[in-house]
S.K.: 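What follows is a single structure, and I will ask about it in a moment.
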Amino acid sequence: MPAISRFYLEPLLRTLVALLGGFLLTRWFSTAVLALAWSPEQAVVTGMLLGFAVFSATVIWVFVAASLRNACLGLVPPALILIYLNNGVGL
């Protein structure tokens, strides 16, 4: 692969992984909060507010990881945990 295409492709792929991964993790986290034994209003507000932190942490993780492969593999365990928790919510 020529150096110029790698120079443009790596940041582009990291940006796409950060946006898509951040969106999915935030979505699954926000809905997993609904399983807590709180009132629905508190769960929605908590899910929304903590969703900003989850999205920010995901974007930071993707750009701090040593390689794109490590960035993608680092998103898999939290995604699997959140998918498992969402199955209890019934969404």
Side-chain angles (χ1 to χ4, degrees):
M1 176 181 301
I4 192 73
S5 65
R6 182 170 181 203
F7 179 74
Y8 289 114
L9 190 60
E10 179 87 15
L12 176 67
L13 290 176
R14 281 186 188 251
T15 302
L16 291 175
V17 168
L19 290 175
L20 183 63
F23 171 75
L24 290 174
L25 285 179
T26 302
R27 178 190 176 275
W28 292 327
F29 179 82
S30 297
T31 55
V33 170
L34 295 174
L36 298 174
W38 294 344
S39 68
E41 296 85 11
Q42 285 179 326
V44 167
V45 170
T46 303
M48 284 175 28
L49 290 176
L50 291 178
F52 291 115
V54 170
F55 186 82
S56 300
T58 303
V59 170
I60 290 170
W61 164 254
V62 169
F63 283 99
V64 168
S67 69
L68 184 61
R69 181 176 179 256
N70 288 344
C72 293
L73 290 177
L75 297 179
V76 172
L80 292 176
I81 291 169
L82 290 172
I83 290 170
Y84 175 76
L85 292 175
N86 280 327
N87 287 336
V89 177
L91 297 174

S.K.: Could you report the tightest heavy-atom contact between S30 and G51, atom names first, then the distance?
M.R.: OG-CA, 4.4 Å
S.K.: For a quick test of reading the model, state the closest non-hydrogen atom pair linking W61 to N70 and the distance between them.
M.R.: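 What the structure gives for the nearest pair is CZ2-O, 3.7 Å.
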S.K.: Would you say the side chain of F55 lies within less than 4.5 Å of the side chain of L19, judging by non-hydrogen atoms?
M.R.: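 Heavy-atom side-chain distance check passes, below 4.5 Å.
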S.K.: Where do A79 and W28 come nearest, in terms of heavy atoms and distance?
M.R.: CB-CZ3, 3.7 Å
S.K.: Hey, what do you get for CG (L20) to CG (L24), rounding to the nearest 0.5 Å?
M.R.: 4.5 Å
S.K.: Tell me the closest heavy-atom pair linking N86 and A32, and the distance in Å.
M.R.: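 Looks like OD1-N, 3.0 Å.
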S.K.: Is V33 linked to V45 within one hydrophobic cluster, defined over Ile, Leu, Val, Met, Phe, Trp and Tyr using a side-chain heavy-atom separation of less than 4.5 Å?
M.R.: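 Unlinked, V33 and V45 end up in two clusters.
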S.K.: Please name the pair of heavy atoms, one in G21 and one in T58, separated by the smallest distance, quoted to 0.1 Å.
M.R.: C-CG2, 3.9 Å
S.K.: Honestly curious: do L73 and L25 fall in one hydrophobic cluster under the side-chain, below-4.5 Å linking rule?
M.R.: no
S.K.: Would you please test L34 and V44 for side chain to side chain contact (heavy atoms under 4.5 Å, CB included) and show each step?
M.R.: CA-CA 7 Å; L34 295 174; V44 167; 4.2 Å; yes
S.K.: Following the transitive rule for hydrophobic clusters with a side-chain heavy-atom cut-off under 4.5 Å over Ile, Leu, Val, Met, Phe, Trp and Tyr, establish whether L36 and V54 coincide in one cluster.
M.R.: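 Result: yes, single cluster for both.
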S.K.: Could I get the full list of side chain to side chain contact (heavy atoms under 4.5 Å, CB included) partners for V17, not counting sequence neighbours?
M.R.: V62, L68, C72, L75
S.K.: Calculate, to the nearest 0.5 Å, the distance between atoms CZ and CG belonging to F52 and L50 respectively.
M.R.: 10.5 Å
S.K.: Is the number of heavy atoms from other residues, nucleotides or ligands under 6.0 Å of F23 CZ greater than 12?
M.R.: no
S.K.: Following the transitive rule for hydrophobic clusters with a side-chain heavy-atom cut-off under 4.5 Å over Ile, Leu, Val, Met, Phe, Trp and Tyr, establish whether L49 and I60 coincide in one cluster.
M.R.: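 No; tracing contacts between hydrophobic side chains, which count when under 4.5 Å, never links both residues.
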S.K.: I want to check something: taking the side chain as every heavy atom from C-beta on, are T15 and F63 in contact at a cut-off of under 4.5 Å?
M.R.: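 In short, these two side chains touch, coming nearer than 4.5 Å.
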